[in-house]
Amino acid sequence: MTDIAWIELALTAARPQALGALLRYFRDLDTAEEAFQEACLRAIRTWPDKGPPRDPAAWLIFVGRNSGIDVVRKRSKNDPLPEEEAFSDLSDAEGDMADRLDNSHYRDDILRLMFICCHPDLPATQQIALALRIVSGLSVAQIARAFLVGDSAMEQRITRAKARVAKAGVPFEAPGPSERAERLGIVSSMIYLVFNEGYSAGITNPDSAAFCDEAIRLARLLLRIFPAEPEIMGLLALMLLQHSRARTRIDKDGQIVLLEDQDRSRWDSKLINEALALLDKAIRHRKPGPYQVQAAISALHARAPTPKDTDWKEITMLYGLLERIQPSPVVTLNKAVAVSKLEGPEAALDMIAPLADKLDGYFYFHGVKGGLMMQAGRRAEAREAFDRAIALANSPAECAHIRQQIDKLGAVTPPAV
Amino acid sequence: MLYAILCYAHEETVFAWSKEEEDAVMARLIEVQTPYAQAGKLGPVGRLMPTTAATTVRKGKEEPLVFDGPFAETKEVLLGFYTLDVETLEEAVAFSKALSAVNPGSSSYEIRPFLVFHPGEIKHGETKT
């Protein structure tokens, strides 16, 4: 890795903390971003000669703050910019300085920065775009490619989202414990949104696949500053487990490969082991939450050496728990799949029958229903459900997958009398 | 003398590596290790999971306290270790310098002599899950 490549990584890693601190200082997102940009430019000029500082985030906060103040001041008179060498020579001192100035705010700065990206007035896609632009520092072009829109359209979308957030006003005082917990919950769902965008769109668009790595990075960051939050452990574990199967979810022709047909030897054991360690830690807290339960379900799949070793009984129980803490028809649908493995397709079909109204526009409902009908030998009804699923498919890969199922059904003849 | 070579680095930076970057760094690190392994001087090498996966047990007033996270919040964290059986400290320093040369960023290596209390029973890198 070259110097510049390493510096870029260090700048990316330091971004949330530095930008968060600058935002608190200037209380204006655009000024904070400009100040951070300026600090980065100076880092690229200075670090290759002087070597990287011990604490890149502290260096960037310090330099960014000075240049930001200067920009504000410059609007009235034209002072020269201070020489960054002056504080680069302080080497270790900058670390202490930033500690003194910022360590007490560190957590809230990052949390606030993430929190402003998931303002409830913003639609999910804008929350994702804003988080990737502001917290992760992805370029507008990168985000635009992932969302399959033009650069200027994405630029406009982000500008509009920022304006909306600015108008709503960002609370800058340190949040109380309950408010912090609430922010943490909202930020967690935003991170999971980013992951899901990458997970579902990544099948056909490698640019969005990178969102999964980014979401994992953000969750790691969040857990590092809130190390005793079991739900963040659960969220990170869940994403690591899902991501560990990324290589096996799609075959070489771009077709979806179901969990039970995936080559388990190609699952990423490094990610799985980390996820299992996190989940173990989370469970010790005895504060189950939806992410922990979903991760626990995913972990049972990861632990099974072959699909037939899957502990469906435990999975059914966990879905039951999830139904209690976060009831939704989708959870019940998933539970029905687990039940079908234990008690057969008819029992599962009975379970999902009452969901028909609520999930009528949901691709997976009709896909699952078709699959269960097929297993039960009710081919005409299976065909009907699959046709409905195709109409609702979100991607060509989903479409192709259902077509395969229909092919398996063969020609449907009227039931023999 | 047995030495533990402890690798410290900025966790945020290391976990920001892409898969390709990580693979490239690992390939270069393994290249450094191979001659030592072939000479029978390299013992187990461990890569620590991130500090977020750590749990700390600390002596309390009555019961020991168990809490999440690493022992101390530091800028550089222990990321992994090598065990090396070489004649002199010079050789351990040379090995660490070679690792450092191929490892990007501000990683540092602490060389600590150690004694074997128990050779251990774990045969493979993979844990039993």
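Treat the numbers as computed from the prediction; the structure is a model and nothing was measured. To find a chain, count down the sequence lines: A is the first, B the second, and so on, and within it residues start at 1. Any value given below was found using the heavy atoms of this structure, including those in side chains, with hydrogens, waters and symmetry copies removed.
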Peer 1: Hey, what's the ring geometry for A:His243 with A:Phe195, parallel, tilted or perpendicular (30° and 60° as the breaks)?
Peer 2: perpendicular

Peer 1: In terms of heavy-atom pairs under 4.5 Å, which option from A:Glu214, A:Arg217, A:Arg220 contacts chain B the most?
Peer 2: A:Arg220

Peer 1: Is A:Asp263 salt-bridged to A:Arg247, cutoff N-O under 4.0 Å?
Peer 2: no

Peer 1: Could you work out, with side chain to side chain contact (heavy atoms under 4.5 Å, CB included) as the rule, every residue matching B:Ala37, not counting sequence neighbours?
Peer 2: B:Leu42

Peer 1: Suppose the criterion is salt bridge (charged side-chain N to carboxylate O under 4.0 Å, His left out): which pairs have a residue in residues 34-52 of chain B, not counting sequence neighbours?
Peer 2: B:Glu22-B:Arg47, B:Lys41-B:Glu91

Peer 1: Sort A:Leu223 into side chain, backbone, both or neither according to what part of it lies under 4.5 angstrom from a heavy atom of chain B.
Peer 2: both

Peer 1: Is it the side chain or the backbone of A:Ala277 that comes within 4.5 Å of chain B heavy atoms, both, or neither?
Peer 2: side chain

